[in-house]
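Have a look at the structure below, then the notes.
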There are 2 protein chains.
Amino acid sequence: MKKTNITIKDIARKLGVSPSTVSRALKDHPDISPQTKKEIQELASSLNYQPNSVALSLRQSKTHTIGVIIPEIAHFFFSAVISGIEDIAHSAGYHVIITQSNESFEREVMNTKALFNSRVDGIMLSISRETNNYQHLQNLLDNNVPLVFFDRMVESLNACKVIVNDEQGAYEATTHLIEQGYYRIAHLAGPQNLGISKNRLNGYKAALADNKYMMDDNLVKVCGLGTYEEAEAITNELLDYRFPPDAIFSNNDVAAYGAMTAIKKRGLRIPEDVAIVGFSNWRFSSLIQPALSSVTQPGFKMGQEATRLLMKQIALGDDEEAITETISLKTNLVVRESSLKKKKPAVS
Amino acid sequence: MKKTNITIKDIARKLGVSPSTVSRALKDHPDISPQTKKEIQELASSLNYQPNSVALSLRQSKTHTIGVIIPEIAHFFFSAVISGIEDIAHSAGYHVIITQSNESFEREVMNTKALFNSRVDGIMLSISRETNNYQHLQNLLDNNVPLVFFDRMVESLNACKVIVNDEQGAYEATTHLIEQGYYRIAHLAGPQNLGISKNRLNGYKAALADNKYMMDDNLVKVCGLGTYEEAEAITNELLDYRFPPDAIFSNNDVAAYGAMTAIKKRGLRIPEDVAIVGFSNWRFSSLIQPALSSVTQPGFKMGQEATRLLMKQIALGDDEEAITETISLKTNLVVRESSLKKKKPAVS
DNA sequence: AACGTCTTCGCAATCGTTTGCGTAAATTGA
DNA sequence: TCAATTTACGCAAACGATTGCGAAGACGTT
């Protein structure tokens, strides 16, 4: 059995017509007589003819494929984004090539080159934790490759962006802690080269300010890695203070969980002694004990919106001005037991 | 600024040579004089020439792309598999197109067709929960498309398979419960159209038999959906028995967690009153309380092995016999608090 | 000097499809 | 009946790269 995909030429030969006639007949071109058209179409479908999309791509210089660079597929939030991307892309007839940077700058650059090289029609990405240099992305823009950032974007680059309103989310989370009566609220911040981390920090500060809380820099600790272990160690530093915090707003859920562990190991109670709110609403957050309050990000919707923007840009003519829209999606605070001092624990 | 990828022709024109000379010079063909070769290579690199991979694909009828169909990216195990796939594929110069079936038969068929249509060099897949009809896969085989199953495979199809030794994993999990002194061990089984579910059930049965435990069909309950809620309800049925189980081995971790909830709601203790062991070692399993014992599947390695098999098959000539190797990977039982009656809880 | 050989390069076909243009044959109009 | 359209199709180039073959010129050999 040999791999023998049938082509337009095969059909042409069998029917004694030219390939061009077959091509036109298959796309219902008016120049072809109904009789010929019918014969060709019937033969094509009986032979289960499938146009060679590689040849099409070459002819039209369009691959109908978009590339995605994501820090880590295993992250639930990003999985949701991917699903959103696929949702829109597939229904627009596009394929999706997914690559992971694994939070490595080097791999991000490699993936960018590889995608560019395989002539994808557009690229969507969320930059890695390590990325500080944006030359590889500037190259894309210089080559007129449609580009859309999602979640983690580069402020200075002139491209479409879809972000969640991190500041608003952080603001709400912090406000919630304030309303619950906590008065010494710490923040486990993320790496400050990521815009999202800065925004969350800003939201935290804004909430404190709006409520006439004094800002205490000692209560803001940067967790550069965002890991469980790091957060546990840093939380221990906080708890060692003469006047330790009675609430912690964490930049991410894993760090929040690390903080919870540190708290529990000291025999302190959550949320009575120390309250916790995380960010991202990982899947495990509703399962741990006590269930962790967290700020949800609309991942699926983010994927959808980013893809819509990309499609719009791909559809643009070469002479038209590139669009550089920015869409900001609202976050949502999910309150669970870890921060509920006043009311009864909600059923998660 | 126009998108203007430079081609071999551009280089040829600028240097007053023919495209064929450029092509040969760039790949160090001996027919080209060192002088010409040098000029061409220098111009190419100064222009940052990148060969058009679409044209290459057309010429060589090879896209250097493999397609992956996965039930759900968000599942941690599958994320790990994807990482393993990318690891091998990228270092072999292959791209990876990932698609999700979302456990839907219809989408699985659609994805299969789409991948076939875009002329990927091979396909790797894990069938969806719904899939009972394998015609779409048989079509692939009939068209000589290299195919590798991973995790969830179709026994009857003549293709490469990489599976985890589910039976061994289930056997070990059950044996562990027996060794801990539990004597009425229930099993929350998965949908029996999936081979993996059947194998896990068999492992459970084998362990009971080898230890002279009587098999009680009432203690085996099928959880078709594998959801938290379903498992909770079914566990309640088990606990309603006059002689309820004192241990549960679950086909998957989410169901195990549902069971834990049912048990806790009745005021029963884990593992003193009822022990639990899950399957798949989801990320949350080490985080919940008590930490859930679970059988780990080597996802990353599975992705690697499956990709190696696929590469091997792609490299095969058209006349050579297709290989149909099956690789079985060992699972590993991670013992945590949820099943440790005898010893002190291990640090997870 | 004539012939053979090697070096170095170009021609043209090819992969599968699309499409502008040309052109026979069929049809129409007066 | 003859010219003007219209109909229905084929030719050939194009997308970008590769490659078998041929060939011109340089060089060596006898």
Side-chain angles (χ1 to χ4, degrees), chain A residues 2-41 43-44 47-65 93 116-121 143 318, chain B residues 2-41 43-44 47-65 93 116-121 143 318:
Chain A
K2 269 234 319 276
K3 190 165 178 174
T4 167
N5 283 317
I6 53 154
T7 72
I8 265 189
K9 290 185 189 174
D10 298 331
I11 300 182
R13 207 174 308 124
K14 293 201 191 200
L15 258 46
V17 296
S18 79
S20 23
T21 302
V22 176
S23 170
R24 280 189 261 253
L26 289 177
K27 45 180 44 186
D28 218 27
H29 193 286
D31 264 11
I32 308 299
S33 75
Q35 164 68 13
T36 316
K37 213 177 271 186
K38 184 154 166 277
E39 282 179 27
I40 292 178
Q41 287 171 348
L43 182 59
L47 255 46
N48 191 26
Y49 164 74
Q50 302 285 359
N52 184 322
S53 53
V54 177
L56 276 178
S57 296
L58 179 59
R59 184 86 225 284
Q60 311 172 339
S61 350
K62 281 206 63 184
T63 54
H64 287 279
T65 301
F116 175 74
N117 238 281
S118 62
R119 304 291 201 274
V120 293
D121 293 343
N143 280 287
D318 268 348
Chain B
K2 270 234 319 280
K3 189 164 178 176
T4 165
N5 284 318
I6 53 156
T7 72
I8 263 190
K9 290 185 189 173
D10 297 330
I11 300 182
R13 208 173 309 123
K14 293 201 190 201
L15 257 46
V17 296
S18 79
S20 22
T21 304
V22 177
S23 171
R24 282 189 260 253
L26 289 176
K27 47 179 44 185
D28 218 28
H29 193 285
D31 266 9
I32 307 298
S33 76
Q35 166 68 12
T36 315
K37 212 177 268 185
K38 185 155 164 277
E39 282 180 28
I40 292 178
Q41 286 170 348
L43 182 60
L47 257 46
N48 192 25
Y49 164 75
Q50 302 285 0
N52 184 322
S53 51
V54 177
L56 278 178
S57 295
L58 179 59
R59 185 85 225 283
Q60 311 172 339
S61 340
K62 281 206 62 184
T63 54
H64 286 279
T65 301
F116 176 74
N117 237 280
S118 62
R119 303 293 201 272
V120 292
D121 292 344
N143 280 286
D318 268 348

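All chains are named by letter (A, B, ...) in the order of the sequence lines, taking the proteins before the strands, and each is independently numbered beginning at 1.
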Next on the checklist: By nearest heavy atom, map T21(B) and V22(A) onto DNA chain D; which one lands nearer the 5' end?
Outcome noted: V22(A)

Checklist entry - Which whole-number value in Å describes the distance from N52(B) CG to dC15(C) C1'? => result 13 Å

Checklist entry - Quick one: the side chain of R24(A) and the base of dG20(C), do they pair up donor-acceptor inside 3.5 Å? => result yes

Checklist entry - Counting only side-chain N and O atoms of Y49(B), is one of them less than 4.0 Å from OP1 or OP2 of dG16(D)? => result no

Checklist outcome for this item: Nearest heavy-atom contact between A12(B) and S18(B) is CB-C, 3.8 Å

Checklist entry - Over how many whole Å does the gap from H29(A) atom NE2 to dT17(C) atom C1' extend? => result 14 Å

Checklist entry - Ignoring hydrogens and angles, does a donor from either the side chain of T36(B) or the base of dC9(C) sit under 3.5 Å from an acceptor on the other? => result no

Next on the checklist: Tell me the interatomic distance from K9(A), atom NZ, to dG10(D), atom C1', rounded to whole angstroms.
Outcome noted: 15 Å

Checklist entry - dG16(C), dT19(C), dG10(C): which one has an atom nearest the side-chain heavy atoms of S20(A)? => result dT19(C)

Next on the checklist: Without decimals, in angstroms, what is the distance between I11(A) CD1 and dG16(C) P?
Outcome noted: 13 Å

Checklist entry - In terms of the nearest nucleotide of DNA chain D, which residue is placed more toward the 5' end: S61(A) or S18(A)? => result S18(A)

Item to check | From dC9(C), dG16(C), dG16(D), nucleotide with atom closest to T7(A) side chain | outcome: dG16(C)

Next on the checklist: Taking atom types as they are modelled, would you say the side chain of S57(A) forms a donor-acceptor pair with the base of dC15(D) within the 3.5 Å cutoff?
Outcome noted: no

Next on the checklist: For a quick check of understanding: with a heavy-atom distance under 4.0 Å over all strands, which category does D31(A) fall into, base, sugar-phosphate or nothing?
Outcome noted: base

Checklist entry - Any idea which of dT17(C), dG16(D), dT18(D) is nearest the R59(A) side chain? => result dT17(C)

Checklist entry - Is any side-chain nitrogen or oxygen of S23(A) closer than 4.0 Å to OP1 or OP2 of dT18(C)? => result yes

Checklist outcome for this item: K37(A) NZ to dT7(D) C1', in whole Å, measures 12 Å

Checklist entry - Base, sugar-phosphate, or nothing: which does I8(A) touch, judged by heavy atoms less than 4.0 Å apart? => result sugar-phosphate

Checklist entry - So, do L15(B) and V22(B) sit near enough that their side-chain heavy atoms are less than 4.5 Å apart? => result no

Next on the checklist: Using a heavy-atom cut-off of 4.0 Å across all strands, would you classify I32(B) as base, sugar-phosphate, or nothing?
Outcome noted: sugar-phosphate

Next on the checklist: Looking at S33(B), I'd like to know whether one of its side-chain N or O atoms comes within less than 4.0 Å of OP1 or OP2 on dC9(C).
Outcome noted: yes

Next on the checklist: Taking any heavy-atom pair under 4.0 Å as a contact, classify V54(B): base, sugar-phosphate, or nothing.
Outcome noted: nothing

Checklist entry - Just by modelled atom types, is the I11(A) backbone N or O under 3.5 Å from a matching donor or acceptor in the R13(A) side chain? => result no

